[in-house]
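Structure, as structure tokens:
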2 protein chains.
Amino acid sequence: MKTTFGCFVRERRETLLRENADYSLRKVAGRIQVEPSYVSKIERDQVAPPSEETIIRLAKDLKEDSDVLLALAGKVSSDLRGAILKRPRLFAELIRQMKNAPDRAVLRMVREVRDGKW
Amino acid sequence: MKTTFGCFVRERRETLLRENADYSLRKVAGRIQVEPSYVSKIERDQVAPPSEETIIRLAKDLKEDSDVLLALAGKVSSDLRGAILKRPRLFAELIRQMKNAPDRAVLRMVREVRDGKW
DNA sequence: CATGGCGTGTAGTATATAGTACACAGTACA
DNA sequence: TGTACTGTGTACTATATACTACACGCCATG
């Protein structure tokens, strides 16, 4: 079974709540500026995941990687989308090529580029 | 000025129409299974670009790269999205790293991976 | 001169997205 | 024992998305 957005968020929040009462559903809702009932429905997967902006605020609040949270919501963060849209053919080829490459290989490339080997 | 989705499509269609009467707006609309008035509005950017599925049918009909057409519509094709969502942190890092790399460098890496150098 | 194909204008629709507002019942604790 | 906080149920809403349906006027041509 796949982890859903809601389950993941609930689990993460309850973990934080165990050692910090500031992570009640209502407190989190307050900080990320949505209604508590909405967070409740989100965590039980009763509604679709929220918007990108709300997911990013939530990720920050829960100290989670926003790319991971966005992925669980089936979304790609808009800065990545922006990069792809500027050079669609190039990135399409890159991603399709890397799709089946093992993590190690992809990481090696990232490192090579970061180290200026181009 | 940026080329819009509509302008691009209209220009492409009219180019094809010049040597083939099968590329009238109505004929294209018929083949891609939407109303002619809808295509008219799309080409004049009077409405937002159509759905991914419709864009792909349109790209095929106009013999255009669907990734390019999707990009003009501000969309990323769902197979690319799927690849990113499976390994969000990895691909986020990859794309952010490649974002500022010159085309040549990215292409070199793509070729290296394709040629099994990993 | 009417018939067929052309592009376009107006109006309307179904479904999805992204939430709000507020009442309610249970629990803790002072 | 009351009050403060917890999570949840119900109902509603505004905006966006992705189109359809159909009528209109223009032009070519047979």
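Note that these values count all heavy atoms, side chains included, but never hydrogens, waters or copies made by symmetry. Keep in mind that this is a model prediction, so the values were computed, not measured. So you know, we letter chains A, B, ... as the sequences are listed, proteins then strands, and number each from 1.
- For Glu11(A), the CD atom sits in a loose shell: 12 or fewer heavy atoms of surrounding residues, nucleotides or ligands are nearer than 6.0 Å.
- Across the interface with DNA chain D, nearest-nucleotide mapping of Pro50(B) and Glu43(A) shows Glu43(A) to be the residue nearer the 5′ end.
- The closest donor-acceptor contact from the side chain of Arg87(A) to the backbone of Ala83(A) lies at 3.5 Å or more, if one exists at all.
- Spacing between atom CD of Gln46(A) and atom P of dA18(C) amounts to 17 Å, rounded to whole angstrom units.
- Thr54(A) has its side chain out of reach of Gln33(A): every pair of non-hydrogen atoms, C-beta onward, lies at least 4.5 Å apart.
- The CD-C1' distance, from Glu52(A) to dG19(C), rounds to 17 Å in whole Å.
- Put simply, CG on Asp45(B) is 15 Å from C1' on dT8(C), counting in whole angstrom units.
- Interface residues of residues 25-39 of chain A facing DNA chain D, ordered by number: Leu25(A), Arg26(A), Lys27(A), Pro36(A), Ser37(A); criterion, heavy-atom separation under 4.0 Å.
- A cation-pi arrangement is present between Arg31(A) and Tyr23(A), with the terminal nitrogen or guanidinium carbon under 6.0 Å from the aromatic centre and inside a 45° cone about the axis.
- In this model, the phosphate group of dT17(C) is not approached by any side-chain N or O of Lys75(A) to a distance below 4.0 Å at OP1 or OP2.
- Taking 4.5 Å as the limit, every side-chain heavy atom of Leu17(B) sits out of range of all side-chain heavy atoms of Val28(B).
- Protein chain A contacts DNA chain D over a range whose 5' and 3' limits, counting nucleotides with an atom under 4.0 angstrom from a non-hydrogen atom, are dT6(D) to dA11(D).
- A salt bridge links Asp79(B) with Arg96(A): the closest approach of a Lys/Arg side-chain nitrogen to an acidic carboxylate oxygen falls below 4.0 angstrom.
- Checking the phosphate oxygens (OP1, OP2) of dG9(C), a side-chain nitrogen or oxygen of Arg44(B) falls inside 4.0 Å.
- With contacts defined as side-chain heavy-atom distances shorter than 4.5 Å, the pair Asp65(B)/Leu69(B) does not qualify.
- Remark: Ser40(B) is not in phosphate contact with dG9(C), judged by side-chain N or O atoms under 4.0 Å from OP1 or OP2.
- Sequence order on DNA chain D of the closest nucleotides to Lys41(A) and Arg13(A) puts Arg13(A) first from the 5' end.
- A salt bridge is absent between Glu93(A) and Arg89(A): the closest approach of a Lys/Arg side-chain nitrogen to an acidic carboxylate oxygen does not fall below 4.0 angstrom.
- Under the 4.0 Å criterion applied to side-chain N and carboxylate O atoms, Glu53(A) and Arg57(A) are not assigned as salt-bridge partners.
- Residue Glu53(A) is out of contact with every strand shown, counting any heavy-atom pair closer than 4.0 Å.
- Using a 4.0 Å cut-off, no side-chain N or O of Ser24(B) falls inside it from OP1 or OP2 of dG5(C).
- Here dG7(C) presents its P atom at 9 Å from CD of Glu14(B), a figure rounded to the nearest Å.
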